Amino acid sequence: MRVLGIETSCDETGVALYEAGVGIRAERLASQISLHAAYGGVVPELASRDHIAKLLPMVETVLEDAQIELGGLDAIAYTAGPGLIGALMVGGSLASSLAYALKVPAIAVHHLEGHILACMLEEPAPEFPFLALMVSGGHSQLIEVLGLGRYRIVGETLDDAAGEAFDKGARLLGLGYPGGAAIDRLAREGDADAFDFPVARVPGLDFSFSGVKTALLYAVRDLPADELEARRADLAASYQRAIVRALVERAHEAAAQLDAGQIAIVGGVAANSELRAALPEARPAPLELCTDNAAMIASAARYLDDAADPLRLDAYAVA
Ligand code: KG4
Ligand code: ZN
């Protein structure tokens, strides 16, 4: 089975070709970071337009890279949501049109399921049931993965997602957007014990990151301007430490409560080096598959049998 996967949920245009028994045969990813940087966040309309401009040429390139003709495809998988509705519709429309023309199934993939199943591309794959720490720009959840398509959310953020906390923190530190990777890099030069940033301990297995963000805001505000530059790495390291600590504590609590054998870390924040190091026993998704990509969408299709009628376009902004 050869599946062409298309990801356009936010600001990455992704196209990948997955072949059963072989794995990812070709993959392309185009980032829109420079397009949105001046605005400090993703501008939905600009994102949709850029996906339109990039997607078709990228499909051609991926097919060329894999040396496969359109007629050699057995299914087209696309991210149906959650995400920016206009951006999703660009990928969904192309996927459905291709599927209709080629008389193959169009497979609507839930973006978060793509993130979770990305960890199954690592050998050996985690065994069910396992606990997924799903941490991205839009979501922070602890999910009990009972089997394929069988997910139970056992904890989630009450306010900001972990990636959002990284991005907002980076903005306060003048590191630009998106900021997770920038904080990760800068934190390596700083002292994580320099500032005591608390993380709210909310009941149950939920998270809250709005308090730590406010603590950083005050710390930055209270530092004399000439000291801020010298303390930036310490601030980044302490801020990252607080977020990672909260994620790790809750993941351990959830794993103990659920008697989960393994913890998988997935989503963009799973790329964070401190988080990966702080959960050495966990199965992190392959580094290049943590942030948004089409390989996780194309390969997730191997697990899904709910192929949609190509004349139906699935797109939803919220899960
Ligand atoms: O999964 P993803 O690519 O997109 C969403 O589905 O949201 O996640 C993007 C998020 C952003 O908030 C970004 O700052 C964060 O992942 N991120 C990181 C790192 N790399 C990306 N956060 C912390 N450390 C990183 N190395
Ligand atoms: Zn994502």
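Bear in mind that the values here come from a model prediction, so they are computed numbers and not experimental data. Numbering of ligands and ligand atoms starts at 1, following listing order.
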Which of the numbered atoms in ligand 1 are under 4.0 angstrom from any heavy atom belonging to [X]?
X: H111; result: 6 (O)
X: S136; result: 1 (O), 5 (C), 6 (O), 7 (O), 8 (O)
X: G137; result: 5 (C), 7 (O), 8 (O), 9 (C), 10 (C), 12 (O)
X: G138; result: 7 (O)
X: G163; result: 12 (O)
X: D167; result: 11 (C), 12 (O), 13 (C), 14 (O)
X: H115; result: 1 (O), 6 (O)

Exercise. Looking only at atom types and distance, does a side-chain atom of D74 sit under 3.5 Å from a main-chain N or O of V3, one as donor and one as acceptor?
Worked result: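 Judged by distance alone, no pair lies under 3.5 Å.
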For this session: Look only at the side chain of D234 and the backbone of D191, and say whether a donor-acceptor pair between them is shorter than 3.5 Å.
Result: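 Yes; at least one donor-acceptor contact below 3.5 Å.
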Problem set entry | Winner among A170, A182, A181 once heavy atoms are compared against atom 19 (C) of ligand 1 |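 Result: the heavy atom closest to atom 19 (C) of ligand 1 is in A181.
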For this session: Give me the ring orientation class for F130 and F128: parallel if the planes are under 30° apart, tilted from 30 to 60°, perpendicular past 60°.
Result: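 It falls in the parallel class, under 30°.
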For this session: Starting from the Zn ion (ligand 2), look over the N/O/S atoms of H111 and name the nearest one.
Result: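 That would be atom NE2.
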Exercise. Which N, O or S atom name in D292 marks its closest approach to the Zn ion (ligand 2)?
Worked result: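 Nearest N/O/S atom: OD1.
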Exercise. Counting heavy atoms only, which part of T291 comes closer than 4.0 Å to ligand 1: side chain, backbone, both or neither?
Worked result: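 Contact part for T291 vs ligand 1: both backbone and side chain.
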Problem set entry | Short N-O contact, D65 and R28, less than 4.0 angstrom |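 Yes, charged N to carboxylate O under 4.0 Å.
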Exercise. Does H139 put an N, O or S atom under 2.8 Å from the Zn ion (ligand 2)?
Worked result: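 Under 2.8 Å: H139 has no N, O or S contact with the Zn ion (ligand 2).
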